[in-house]
Amino acid sequence: QVQLVESGGGLVQPGGSLRLSCATSGFTLDYYAIGWFRQAPGKEREGVSCISSSHKSTYYADSVKGRFTISRDNAKNTVYLQMNSLKPEDTAVYYCATDRLSTCNPDFTRKSVYNYWGQGTQVTVSS
C-alpha cells in the first residue's frame, strides 16, 4: 500500500537548519508531484512547497521562499525539504503528500489536490 514516512525533524535554534525527508513506497514516485505542508498548534494545515515529478517545477509559500528548498531523488523514492534560516514561526508538524498528478497544481496549497499523506515530523525552532 502507499506509504509516506517523514523524518528529520527536531529541535533547532533560530537561524539553524534542518533537512526533512519523505520516504515513499507502494507507488512509482516518478509519476507524481509531491507537496510539503505544515500545521502549527491551533492553526490550519498550510502548504509549504511542491515539486513536480520531473523536478522542473517547484513552488513555495511566500513565508518560506528563499529559505526552504524542495528536491527529490526518484531513484531513492525520497523527497527532501531543506530548511535554512529557521524562525520560531516555522515551528509545526511537517507533512508530505502525494499530488494526484505529475505536475503541481498552481494552487499547490489546496489540500484537496493531494490524496496520500504521511504521519508528520515535528519541527521546533526555539532558543
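In what follows, every heavy atom counts, from backbone to side chain, and hydrogens, waters and symmetry copies are set aside.
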Is there side-chain contact between Phe37 and Phe108, with at least one heavy-atom pair below 4.5 Å? no
Give me the atom names and distance for the closest heavy-atom approach of Ala33 to Cys50. CB-SG, 4.2 Å
Closest approach of Arg72 and Ile51, non-hydrogen atoms and distance? NH1-O, 3.5 Å
What's the separation between atom CZ in Arg45 and atom OH in Tyr94, rounded to the nearest 0.5 Å? 13.0 Å
Would you find more than 12 non-hydrogen atoms of other residues, nucleotides or ligands less than 6.0 Å from Glu46 atom CD? yes
Decide side-chain contact (heavy atoms from CB on, under 4.5 Å) for Thr98 and Ile34; before the verdict, give the C-alpha distance in whole Å, the side-chain angles of both, and the deciding distance to 0.1 Å. CA-CA 5 Å; Thr98 58; Ile34 298 292; 3.7 Å; yes
For Thr124 and Gln122, work out which heavy atoms get closest and say how close. OG1-NE2, 3.3 Å
Any donor-acceptor pair under 3.5 Å from Gln119 side chain to Glu6 backbone: no
List, one per line, each side-chain donor-acceptor pair under 3.5 Å for residues 59-69, sequence neighbours excluded.
| unit_1 | atom_1 | unit_2 | atom_2 | d |
| --- | --- | --- | --- | --- |
| Tyr60 | OH | Ile70 | N | 2.8 |
| Asp62 | OD1 | Lys65 | NZ | 3.1 |
| Ser63 | OG | Arg38 | NH2 | 3.4 |
| Arg67 | NH1 | Ser85 | O | 2.9 |
| Arg67 | NH1 | Asp90 | OD2 | 2.8 |
| Arg67 | NH2 | Ser63 | O | 2.9 |
| Arg67 | NH2 | Asp90 | OD1 | 3.0 |
| Arg67 | NH2 | Asp90 | OD2 | 3.4 |

Nearest heavy-atom pair of Pro14 and Ser127: which atoms, and what distance? CD-N, 3.7 Å
Residues passing the side chain to side chain donor-acceptor pair (under 3.5 Å) test with Ser102, sequence neighbours excluded, are none
For Thr109, all residues meeting side chain to side chain donor-acceptor pair (under 3.5 Å), sequence neighbours excluded: Asp107
Test side-chain contact (heavy atoms from CB on, under 4.5 Å) applied to Leu4 and Tyr95, step by step: CA-CA 9 Å; Leu4 296 91; Tyr95 303 87; over 6 Å; no
Do Leu11 and Met83 land in one hydrophobic cluster if side-chain heavy atoms of ILVMFWY residues count as linked below 4.5 Å? no
Distance-only criterion, 3.5 Å: show the donor-acceptor pairs between side-chain atoms of residues 17-31 and protein atoms not counting sequence neighbours.
| unit_1 | atom_1 | unit_2 | atom_2 | d |
| --- | --- | --- | --- | --- |
| Ser17 | OG | Asn84 | OD1 | 2.9 |
| Thr24 | OG1 | Asn77 | O | 2.9 |

Minimal non-hydrogen separation, Glu44 against Lys111, with atom names: OE1-NZ, 4.0 Å
All side chain to side chain contact (heavy atoms under 4.5 Å, CB included) counterparts of Ser54, not counting sequence neighbours: Ser52, Lys56
Please list, chain by chain and in numerical order, all residues satisfying side chain to side chain contact (heavy atoms under 4.5 Å, CB included) with Ser112, sequence neighbours excluded. Arg110
What about Leu81 and Val12, same hydrophobic cluster or not, with Ile/Leu/Val/Met/Phe/Trp/Tyr joined at side-chain heavy-atom distances under 4.5 Å? yes
Closest non-hydrogen atom pair, Asp99 against Tyr32: O-CD2, 3.4 Å
With a 4.5 Å cut-off on side-chain heavy-atom distances among I, L, V, M, F, W and Y, is there a chain of contacts connecting Val93 to Tyr114? yes
